[in-house]
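A quick write-up on the structure given underneath.
What you see below is based on every heavy atom in this structure, not just the backbone, and it leaves out hydrogens, waters and symmetry mates. So that the names make sense, note that chain A is the first sequence line, chain B the second, and so on, each numbered from 1.
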Protein chains: 2
Amino acid sequence: MAAARLRDVADRAGVSIRTVSNVVNGYAPVSDQKRERVEAAVAELGYRPNVMARNLKHGRSGLIALVVPELDVPYFAELARAVVTTAREFGYTVVVDQTDGEPDRERELIMRDGSAAMFDGVILSPLALSQTDLAQRDATSPLVLLGERIADSEYDHVTIDNISAARLATSHLIALGRTRIAAIGDQPYETGETAQLRTRGYELAHEEAGRLVDRSLVIPTHRFHFSDGAEATELLLAHPDGPPDAIFCYNDLLAIGAIRSILAAGLRVPEDIAVVGFDNIEAGRYHTPSLTTVSPDKPAIARLAVERLLARLSGDTDEAPAELWAGHELIVRESTVARQA
Amino acid sequence: MAAARLRDVADRAGVSIRTVSNVVNGYAPVSDQKRERVEAAVAELGYRPNVMARNLKHGRSGLIALVVPELDVPYFAELARAVVTTAREFGYTVVVDQTDGEPDRERELIMRDGSAAMFDGVILSPLALSQTDLAQRDATSPLVLLGERIADSEYDHVTIDNISAARLATSHLIALGRTRIAAIGDQPYETGETAQLRTRGYELAHEEAGRLVDRSLVIPTHRFHFSDGAEATELLLAHPDGPPDAIFCYNDLLAIGAIRSILAAGLRVPEDIAVVGFDNIEAGRYHTPSLTTVSPDKPAIARLAVERLLARLSGDTDEAPAELWAGHELIVRESTVARQA
DNA sequence: GATAGGCTCTGCATCGTTGAAATGCCGGAA
DNA sequence: TTCCGGCATTTCAACGATGCAGAGCCTATC
């Protein structure tokens, strides 16, 4: 049985198509008599509005795209969850797309015009997108970026204060009496701005404490996976001056990878080496030892991004593209402070 | 600037709308002369087909919905990734929705007709959906279920052989000489069919080895999160006969939670208690100790589900709803076999 | 030289819905 | 009794694309 159309309901109820539409949408006043007839017909035929037709008419799809590098990286999965939930509150549906870190796919996804790609707007967590790429975007649909502002981009972006977050993490290690604090995850090149800010925070914490930064303890990694953390830590363990006594990792996966290498080398966490992560993924809570980490306020990030996107969509906001800040906090767990046995 | 329409391109190129459409879609032969003019116009105006209009005309949206309980549970995140990737191969886009384990939301999402919900089809990983719910579905769009067949459901479903997978895991523990093997995650009620099959496999392995199952070592859990595993393990550690010497957990989160409780109690993994998980999530590889686990072939699951859904969509398949089986394998790691130091 | 046949190319109708404007109907005021 | 205002309801024309049928035109054939 083909799906019932407005037309079929109208025939059955003996009214015009428009009246059925009015009943369904509650737009215009309708007499009780006709309303009842229409509602009965709707129920009998199991009528459901055809969303695609409605979309065409409205020029809106009710879909927003969330583009992340990898959906199965816990941080992005948790963020995706928050975005999906928040968007639903506003009646929007989220299409999750992943770029697998391929610049081409990132480009492709943001370049497409909204009407072409059927999304009303895009929330993008860029990995390898350059300022030039963004400037070339000619799409008319709104775009909100997650993460650092890409220079003088003309788009809104939602982020946390990475400098102070990293400083917070590093200061925590300093306060614990650690003296040789390593950092894993620096990315000293164009698309690694977030990492660079964390390195800056790491340095600031040292300056504040009157310490010098030992550059040889800052290990860059191209990606932020377990294996990168494990490998970087191997390097640190083999440091000419001996292993550091603390490591600040730029995300939790790096940190868990780092802990793995440390334990494998027969050292203890946190007694020999304290480890701090970043992102506060769920797995860190139940890891042994549980992970001290910087927790960005993911629900806030999702909410800021969705709300700003929808504001742009409805044209409510004429403000210039802005930086929107979400909060963060340090969550201290066993990887820096051993629990009382 | 409003987005260019077929109409605008036609005007500019001095041809009919239909010809532009033909050029864009490559449907009909077009002379080189006109093709060039059209292509030039397309480029100048930055024309992009309006997907919503196309969808309306075709009666297809190119969207499939993937409905999972929780997007940030690693298994579902990894599965979602595979589904998104596979669907893209076929030109489909995936909308990820999560039910948060609420039966009402599950119902709502599958009940809606495809044309209403704008999805061409739905892939559902049900948590709390009963046979009755499914029978009441009146939607016309195809639905593929992930997980156990719900009785004589009229839908395709993709699963793995949970009985033999669980038997494999348990046999592994038996082969290691473990004698008191616990199980965490049984769900002895209607919607817990997958868990029940795993329990069955666990029992079979015992039977094969001529062992008796100690029912007091089978701990049910309502959910499959870290905390459930940790709590269930507390119970086991306090068992009147003393702790078991092995635990088979029905997913990796339970297993990691279990390991946490074991280590917190001052016992060792695997020396004192060996632990096996299920799902082979990425975090298990880098956990310390790394996690022995049953690895379902997620790419195969995704592929089977997507391909079957699309086959139903195109009407290629008249076959009765079937069970489609994906493979699995046991991955042995440190949580059952200590690595050579 | 007329006709058939093959190519391009165009116009019209349509997908299912909603915006805008027109219609019909009623009661109340003049 | 007539006219007007207000309300319920309907008609018409889109939204932007594609399926179909047929109109031109050009070449090949008898």
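- Gln98(A) and Thr85(B) form a side-chain donor-acceptor contact under 3.5 Å, judged by distance and modelled atom types alone.
- Applying the 4.0 Å criterion to OP1 and OP2 of dT18(D), one finds that Arg54(B) has a side-chain N or O inside that range.
- Going from atom NE2 of His58(A) over to atom P of dT17(C) covers 12 Å, rounded to whole Å.
- With 3.5 Å as the limit, one finds a donor-acceptor pair spanning the side chains of Asp120(A) and Ser61(A).
- Comment: Asp100(B) engages Arg88(A) in a salt bridge, judged by a side-chain N to carboxylate O separation of less than 4.0 angstrom.
- Near DNA chain C, defined here as any heavy-atom distance below 4.0 Å, the residues from residues 13-26 of chain B are Val15(B), Ser16(B), Arg18(B), Thr19(B), Asn22(B), listed numerically.
- Taking atom OH of Tyr27(A) as the reference point, atom P of dA21(C) lies 17 Å away to the nearest angstrom.
- Using a 3.5 Å distance cut-off with no hydrogens or angles, the side chains of Arg18(A) and Asn22(A) do pair a donor with an acceptor.
- Lys34(B) contributes no side-chain N or O that forms a donor-acceptor pair with the base of dT8(C) under 3.5 Å.
- The side chain of Val30(B) lies closest to dC9(C) when the candidates are dT17(C), dC9(C), dT18(D).
- Among the candidates Thr86(A), Val83(A), Leu313(A), the single residue satisfying the side chain to side chain contact (heavy atoms under 4.5 Å, CB included) test with Tyr92(A) is Leu313(A).
- In the set dT14(C), dG16(D), dG19(D), the nucleotide with an atom closest to the side chain of Leu56(B) is dG16(D).
- Phosphate proximity of dG16(C) to Arg7(A): absent, as no side-chain N or O sits under 4.0 Å from OP1 or OP2.
- Atom-to-atom, CG of Leu6(A) to C1' of dT11(D) comes out at 14 Å; the value is rounded to the nearest Å.
- In this model, the phosphate group of dC7(C) is not approached by any side-chain N or O of Ser31(B) to a distance below 4.0 Å at OP1 or OP2.
- Side chain of Asn50(B), nearest nucleotide from dT8(C), dG16(D), dT18(C): dG16(D).
- Residues Ala82(A) and Lys298(A) share a closest heavy-atom pair of CB-O, 4.2 Å.
- Proximity of Tyr47(A) to the phosphate of dT17(C): a side-chain N or O atom is located under 4.0 Å from OP1 or OP2.
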